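Here's the structure we're looking at; comments come further down.
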Number of protein chains: 2
Amino acid sequence: MAKPRSAPTLDDVAKMAGVSTATVSRCLNNPDRVVDATRKRVLSAVDTLGYTPNFAARVMAAKRSFTIGAIIPTMENAIFARGLQAFQEELHQRGYTLLVSSSAYKPEIEEEQIRTLIARGADGLLLIGHDRDPKIYDFLAQREIPALVAWSYLSDSHLPSIGFDNRAAMFDLADHVIGLGHSKLGVISGHVDGNDRARLRVQGIRDAISGRGLEASNLSLIETPYEIENGAKAFRKLMSADTPPTAILCGNDVLAAGALRQAQEMGLDVPGDVSITGFDDIELARIVSPALTTVHVPHREMGRKAALQLVEMVENQTAGAGEQLATRIVNRPSLGRPASG
Amino acid sequence: MAKPRSAPTLDDVAKMAGVSTATVSRCLNNPDRVVDATRKRVLSAVDTLGYTPNFAARVMAAKRSFTIGAIIPTMENAIFARGLQAFQEELHQRGYTLLVSSSAYKPEIEEEQIRTLIARGADGLLLIGHDRDPKIYDFLAQREIPALVAWSYLSDSHLPSIGFDNRAAMFDLADHVIGLGHSKLGVISGHVDGNDRARLRVQGIRDAISGRGLEASNLSLIETPYEIENGAKAFRKLMSADTPPTAILCGNDVLAAGALRQAQEMGLDVPGDVSITGFDDIELARIVSPALTTVHVPHREMGRKAALQLVEMVENQTAGAGEQLATRIVNRPSLGRPASG
DNA sequence: ATGCAAAATGCAAGCGCTTACATAATTGCT
DNA sequence: AGCAATTATGTAAGCGCTTGCATTTTGCAT
């Protein structure tokens with residue numbers, strides 16, 4: 001009865017069970033390729049030894065890790081939480097483990113993370129959005145790493161994508177807002193550089209404005225990182241204009257929550273004095289009061305479908321078709337008609 | 001110019017640079033043990049080949065992964081976000097990578113995650129709270145895996161811990177609430193089974209009640225998972241009693257936010273009709289209105305110190321001293337005196 | 001019983017890297 | 001210029017596992 005100073009290995013198990021390491025390995029990975037009696041013997045050895053396979057060794061020998069990597073721009077707010085959760089659950093079902101890392105919205109960090117995840121043996125990758133250095137796509141292609149883009153659907157792109165049409169979604173919301181009578185619009189967007197979701201959302205607003213025959217000058221835009229504080233700060237700035245906007249469209253719910261808080265601190269009634277809208281429909285949108293009118297994104301469905309598709313790509317070497325999902329406007333009290341006057 | 005069907009290896013680099021694999025390896029890990037000229041040659045080969053070291057192979061050969069594992073109960077709300085973020089940042093500074101997984105508050109899942117993380121070669125582990133099967137501690141000790149507990153400080157425990165005194169923190173808050181004149185208290189707690197933080201917080205309230213000479217019957221308690229919805233549900237239930245509590249102490253800010261929303265939906269004024277308090281002081285506590293009186297926990301400091309301590313344990317084989325951090329009550333409008341009458 | 005196909009198991013070659021240890025190239029002194 | 005002491009590099013043995021192929025065992029029909 002030796003007490004192992006370090007982890008027991010396949011060899012230890014094999015010895016204890018009186019079989020070869022090959023048999024133990026098969027026992028663990030293809031149980032039906034081993035006869036009952038030996039399997040029992042092996043498993044009991046595994047048990048008494050407290051054996052756990054060494055992952056690194058396994059990856060090296062099998063050249064498969066059953067690990068999927070995901071790189072999201074941030075974990076700091078809940079934007080990606082629900083979708084990623086669903087993604088993870090579905091992967092788990094299929095026997096895969098998810099490794100998540102965040103890029104802080106920085107392209108160079110994302111690139112580093114991609115390399116890291118691949119070095120760690122990820123069988124496939126989930127990326128957010130399409131905007132990135134083309135050489136990354138070359139790298140992925142050259143290494144033949146299956147990768148999928150989520151949170152933004154484009155039909156023609158380097159990688160297949162599962163997501164929604166950010167431009168159209170925001171277009172619909174903006175059009176709706178203008179339809180209520182708002183003609184002076186403020187926009188608090190995330191930085192659009194390297195962020196196609198943000199860029200397309202702003203584009204949607206622009207398109208809605210010109211579609212309704214309004215001047216582009218009726219739009220004032222601020223770009224800022226996705227943080228509550230920044231939403232507040234941007235709101236203050238937008239409202240300090242000579243003729244402030246009557247509606248503020250925010251690039252996401254987090255910015256909108258910040259704007260809303262700031263409105264309240266400034267003693268403004270929402271939506272009486274100014275309307276505020278968000279995007280994403282995360283939990284926060286319903287917690288604040290008044291609750292936010294926002295664009296509902298089917299995060300769970302997106303996550304689930306992304307997982308399915310990616311596993312399919314990994315296991316069958318297929319290309320992946322991608323899929324566009326529908327969004328819908330959720331009307332809540334933060335949006336109303338402009339004060340008539 | 002062969003185009004590699006799979007990743008280039010150390011060998012490829014060595015060949016291209018005309019040196020041995022050992023030299024390449026040293027070049028990457030101990031640059032100063034290699035003379036300038038060769039280093040330059042090697043690095044340029046690395047570059048043109050686009051070489052990235054294979055992590056699994058490296059872990060196997062070096063028996064070090066520079067990876068730290070953390071298992072938190074949940075990622076679904078922000079309870080652990082800030083602390084973990086600081087933990088991660090500090091680890092990164094020290095050259096370590098963080099692997100996070102969540103146990104969904106289930107002991108058996110936590111155990112599985114611990115094994116998984118170790119199998120993946122984690123050099124050390126961060127665990128939340130002290131309540132777990134003793135055999136896990138045996139396992140960790142036998143495998144000699146450095147591990148540290150956070151979010152709860154206990155001076156005598158299997159593992160060193162960095163955190164605060166959950167009982168004392170909640171005791172202070174409850175004592176303060178009672179001092180304001182509240183004598184009928186409602187408590188919405190997380191499940192205390194297997195969760196020492198929750199258990200100790202409740203204990204703190206009990207101690208405050210008896211410390212003030214009140215009957216234990218003045219306390220009504222509901223245990224429920226940490227989700228906004230459940231906070232709302234529990235609040236409804238507590239307030240439906242014949243003589244409902246005048247103050248509701250919640251196990252954390254998330255439950256408190258749920259309770260608050262429910263209060264508003266029931267047309268109750270907070271704190272006029274009923275006071276509500278939280279715990280943690282996450283961002284949410286300041287976003288809701290009225291903002292929540294809560295217990296501020298120095299999450300960032302805790303995360304940072306945990307990282308420092310754990311790295312120290314890993315690198316110097318030391319035992320780890322642990323540290324108790326101070327919390328403080330943050331007074332905000334959700335807490336007031338009970339309606340006199 | 002006997003022979004043969006099929007099923008079960010064993011053998012051993014890697015997977016890509018690190019690291020003692022051995023060897024070769026430099027350096028500094030005299 | 002010559003030798004010892006350094007310093008730089010090469011050699012090769014694993015790390016723990018999977019898997020193709022070889023070998024043994026089993027089950028069955030004859």
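Per chain, numbering begins at 1; letters A, B, ... match sequence-line order. Quick caveat: nothing in here was measured; it's all calculated off a predicted structure.
- With hydrogens and angles left out, the side-chain atoms of T38(A) and R26(A) include no donor and acceptor closer than 3.5 Å.
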(request) Spell out protein contact along nucleotides 8-17 of chain C as letters: B when the base is contacted, S when just the sugar-phosphate is, - when no protein heavy atom is under 4.0 Å; keep the 5' to 3' order. (result) SBBB--BBBB
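- Under a 4.0 Å N-O distance rule, the pair K135(A)/D138(A) does not qualify as a salt bridge.
- At distances below 3.5 Å, not a single donor-acceptor pair connects side-chain atoms of D196(B) with backbone N or O atoms of G129(B).
- One can place CG of N30(B) at 13 Å from P of dT9(D), the figure rounded to the nearest angstrom.
- For F66(A), the ring-ring contact (aromatic ring centres under 6.0 Å, His included) criterion is met by Y96(A), not counting sequence neighbours.
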Distance-only donor-acceptor pairs under 3.5 Å for side chains of residues 80-90 of chain A, two or more places apart:
residue	atom	partner	partner atom	Å
R82(A)	NH2	D281(A)	O	3.1
Q85(A)	NE2	E89(A)	OE2	2.9
Q85(A)	NE2	E76(B)	OE2	3.4
E89(A)	OE1	R300(A)	NH2	2.8
E90(A)	OE2	R94(A)	NH1	3.3
E90(A)	OE2	R94(A)	NH2	3.3

